[in-house]
Peer 1: 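I have a structure here, written as structure tokens, and I will follow up with some questions on it.
Just the heavy atoms: all of them, side chains too, but no hydrogens, waters or symmetry mates, feed the values below. Computed from a prediction, not measured in an experiment: that's the story for all the values here.
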Amino acid sequence: PDEFNRRYHEKYLVVDDWYGITGGTNIAAAYALYQNKPNNMWRDQDVLVAGPVAADMSRAVDEDVGYFEKKMMEKPELINPRWWKTQREKHHPAPVPEGKPAQPRAEINLDKFDDENVTVRLICSQPRFEEDYIYQTYLYLFRAARKRIIMEIAYFVPDADMLEALLAARKRGVEVVLITNNAYTNDVFEMQPYTRSFYLPLIEAGAKVYEWQGIVKNKGSLHAKCAVFDDDITIVGSYNLDPRGKYLNSEDIVVMHSEKVAENLLDWFKKKDLPDCQEITLAQAQFWHQPTTLGGWLKLHFSELLKDYW
């Protein structure tokens with residue numbers, strides 16, 4: 001049954017195998033912030049890379065296209081438009097256009113890149129191959145961090161190993177900060193009670209948890225998926241820390257080794273995002289972890305029933 005619930009969630013825009021953009025943004029009017037309406041706006045995070053890693057993105061796109069083409073061709077012939085297309089092309093081949101000389105690659109005139117000569121790696125996870133490379137990456141960095149773990153994650157539903165790794169980081173004295181949606185900015189609002197149930201162990205261990213107040217602040221939903229580790233490792237991509245990211249969605253992230261990039265994103269968190277967040281108190285976390293009202297109890301247990309699909 002999971003076959004029908006899997007989602008292609010990777011996001012790439014690649015130009016000439018040299019420039020690449022990835023992150024959380026989809027190509028849709030809602031993401032372009034055309035309308036000044038909180039419910040139609042998103043706080044997202046993307047990254048532009050220039051260099052060989054863009055060719056890795058291009059290969060990832062090619063692999064996905066090949067996979068979906070094959071899936072399409074597996075449909076019965078009479079209801080498969082691709083099959084009819086191949087039959088037409090077989091009997092009426094299209095004329096081959098004359099080749100044109102390759103044009104030199106145009107340079108993008110930017111004032112500056114955030115950093116240059118940076119070690120960058122693209123990591124993909126595709127459930128169709130039972131891959132969990134991005135999950136392994138996060139888990140490794142949680143366990144390896146020595147100074148800080150700052151996460152801005154739209155949908156946060158960690159499994160036991162991830163939660164244990166974050167709590168162990170706090171025991172080592174690592175600063176742990178989570179920024180995520182609140183019940184009104186989360187467009188999958190049914191998951192919020194289960195997300196909030198994880199706040200208590202984090203806060204009791206000394207972590208800081210903030211909820212994005214985008215609706216109130218007229219900035220919409222938080223959709224970013226990014227993190228900073230220590231002083232020099234940054235992740236930006238499509239991956240949420242939830243079961244859907246681990247088991248159901250195809251995902252991608254870019255991992256960058258750069259003190260400057262990490263510093264810039266941390267500065268953005270501090271100056272731009274945290275002012276539009278509310279820090280969660282221990283009392284709030286205790287109530288959400290074990291609600292004392294019937295309505296709260298029902299919402300939590302309904303949300304927990306679907307925990308493998310958030």
Side-chain angles (χ1 to χ4, degrees), residues 1-17 19-32 40 42 44 46 53-100 122-137 154-155 157 159 186-191 194 221 223 225 237-254 302-310:
D2 285 349
E3 176 76 17
F4 300 98
N5 196 25
R6 290 179 178 172
R7 180 180 300 160
Y8 176 77
H9 200 243
E10 297 162 75
K11 293 99 163 52
Y12 306 109
L13 194 155
V14 189
V15 178
D16 294 338
D17 290 350
Y19 301 105
I21 296 175
T22 191
T25 302
N26 296 298
I27 298 178
Y31 291 83
N40 293 333
W42 303 83
D44 226 317
D46 297 277
V53 71
D56 293 338
M57 292 184 183
S58 187
R59 282 191 290 272
V61 173
D62 289 342
E63 290 176 2
D64 288 328
V65 170
Y67 170 77
F68 288 119
E69 289 279 0
K70 182 175 181 295
K71 292 286 287 186
M72 180 67 74
M73 293 307 293
E74 288 174 354
K75 290 184 177 181
E77 292 176 352
L78 292 179
I79 63 170
N80 188 341
R82 297 297 178 91
W83 182 82
W84 288 100
K85 183 174 182 292
T86 59
Q87 297 308 302
R88 287 196 302 272
E89 291 174 347
K90 185 183 298 183
H91 299 290
H92 304 284
V96 179
E98 295 183 3
K100 295 182 179 180
L122 174 72
I123 301 177
C124 304
S125 288
Q126 296 163 333
R128 62 181 181 263
F129 300 130
E130 298 184 357
E131 297 174 345
D132 66 348
Y133 299 128
I134 300 177
Y135 173 84
Q136 292 181 40
T137 301
Y155 312 115
V157 181
D159 66 1
N186 192 333
D187 62 321
V188 190
F189 65 90
E190 301 92 343
M191 77 183 294
Y194 193 54
S221 179
H223 198 250
K225 306 97 167 46
S238 69
Y239 189 84
N240 293 294
L241 301 184
D242 60 11
R244 178 168 288 280
K246 183 179 180 183
Y247 297 113
L248 296 172
N249 291 350
S250 65
E251 305 279 6
D252 76 282
I253 61 170
V254 167
F302 172 77
S303 185
E304 191 173 5
L305 284 175
L306 299 176
K307 63 183 180 181
D308 291 336
Y309 297 98
W310 294 129

Peer 1: In sequence, state the C-alpha distance, the side-chain angles, and the governing distance for Asn249 and Tyr8, and then conclude on side chain to side chain contact (heavy atoms under 4.5 Å, CB included).
Peer 2: CA-CA 6 Å; Asn249 291 350; Tyr8 176 77; over 6 Å; no
Peer 1: With Val188, which residues qualify under side chain to side chain contact (heavy atoms under 4.5 Å, CB included), at least two apart?
Peer 2: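 Listed in chain order: Tyr155, Asn186, Glu190, Met191, Trp310.
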Peer 1: Could you go through the side chain to side chain contact (heavy atoms under 4.5 Å, CB included) check for Thr25 and Lys11 one step at a time?
Peer 2: CA-CA 7 Å; Thr25 302; Lys11 293 99 163 52; over 6 Å; no
Peer 1: Can you measure from OH (Tyr247) to CG (Asp132) and round to the nearest 0.5 angstrom?
Peer 2: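 Reported to 0.5 Å precision, the distance equals 8.5 Å.
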Peer 1: State whether the side chain of Ser125 and the backbone N or O of Tyr133 hold a donor-acceptor pair below 3.5 Å, judged by distance alone.
Peer 2: yes
Peer 1: In chain order, what residues pass the side chain to side chain contact (heavy atoms under 4.5 Å, CB included) check against Arg128, with sequence neighbours excluded?
Peer 2: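 Checked Arg128 against side chain to side chain contact (heavy atoms under 4.5 Å, CB included); matches are Arg6, Asp64, Tyr67, Gln126.
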Peer 1: Which value, rounded to the nearest 0.5 Å, describes the distance between Trp42 atom CH2 and Ser221 atom OG?
Peer 2: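 Separation between the atoms: 4.5 Å.
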Peer 1: Tell me whether His223 contacts the main-chain N or O of Gly24 through its side chain, where contact means a donor paired with an acceptor under 3.5 Å.
Peer 2: yes
Peer 1: Quick check for you: to the nearest 0.5 Å, what is the distance between Thr22 atom OG1 and Leu122 atom CG?
Peer 2: 7.0 Å
Peer 1: So for atom CG, which belongs to Leu305, do other residues, nucleotides or ligands contribute more than 12 heavy atoms lying within a distance under 6.0 Å?
Peer 2: yes
Peer 1: After noting the C-alpha distance and the side-chain angles of Asn80 and Met72, does the key distance pass the side chain to side chain contact (heavy atoms under 4.5 Å, CB included) rule?
Peer 2: CA-CA 7 Å; Asn80 188 341; Met72 180 67 74; 3.7 Å; yes
Peer 1: Would you check, one step at a time, whether the test side chain to side chain contact (heavy atoms under 4.5 Å, CB included) holds for Val157 with Arg244?
Peer 2: CA-CA 9 Å; Val157 181; Arg244 178 168 288 280; over 6 Å; no
Peer 1: Taking only residues two or more places apart in sequence or in another chain, which ones pass side chain to side chain contact (heavy atoms under 4.5 Å, CB included) with Ala154?
Peer 2: Asn181, Lys225, Asn240
Peer 1: State, to 0.1 Å, how close Gly20 and Ala54 come at their nearest heavy-atom pair, and which atoms those are.
Peer 2: N-CB, 3.9 Å
Peer 1: Could you grab the distance from atom CD1 of Ile134 to atom CD1 of Ile123, nearest 0.5 Å is fine?
Peer 2: 7.0 Å
Peer 1: Listed by chain and number, what are the side-chain hydrogen bond (donor to acceptor under 3.5 Å, both in side chains) partners of Gln87, not counting sequence neighbours?
Peer 2: none
Peer 1: Taking atom CZ of Phe189 as the centre, report whether more than 12 heavy atoms of other residues, nucleotides or ligands fall under 6.0 Å from it.
Peer 2: no
Peer 1: What pairs with Asp159 under side-chain hydrogen bond (donor to acceptor under 3.5 Å, both in side chains), at least two apart in sequence or on another chain?
Peer 2: Tyr135, Lys246
Peer 1: Excluding sequence neighbours, so at least two apart, what forms salt bridge (Lys or Arg N to Asp or Glu O under 4.0 Å) with Lys70?
Peer 2: Glu74
Peer 1: For Asp17, does its backbone N or O pair with a side-chain atom of Ser58 as donor and acceptor, under 3.5 Å?
Peer 2: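 No, because the side chain of Ser58 does not come within donor-acceptor range (under 3.5 Å) of the backbone of Asp17.
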Peer 1: Is it the case that Ser238 and Glu251 place a side-chain donor and acceptor less than 3.5 Å from each other?
Peer 2: yes
Peer 1: For a 4.5 angstrom cut-off between non-hydrogen side-chain atoms, does Met57 reach Asp252?
Peer 2: no
Peer 1: For Trp83, look at atom CH2 and say whether over 12 heavy atoms of other residues, nucleotides or ligands are found less than 6.0 Å away.
Peer 2: yes
Peer 1: Which value, rounded to the nearest 0.5 Å, describes the distance between Lys307 atom NZ and Tyr194 atom OH?
Peer 2: 4.5 Å
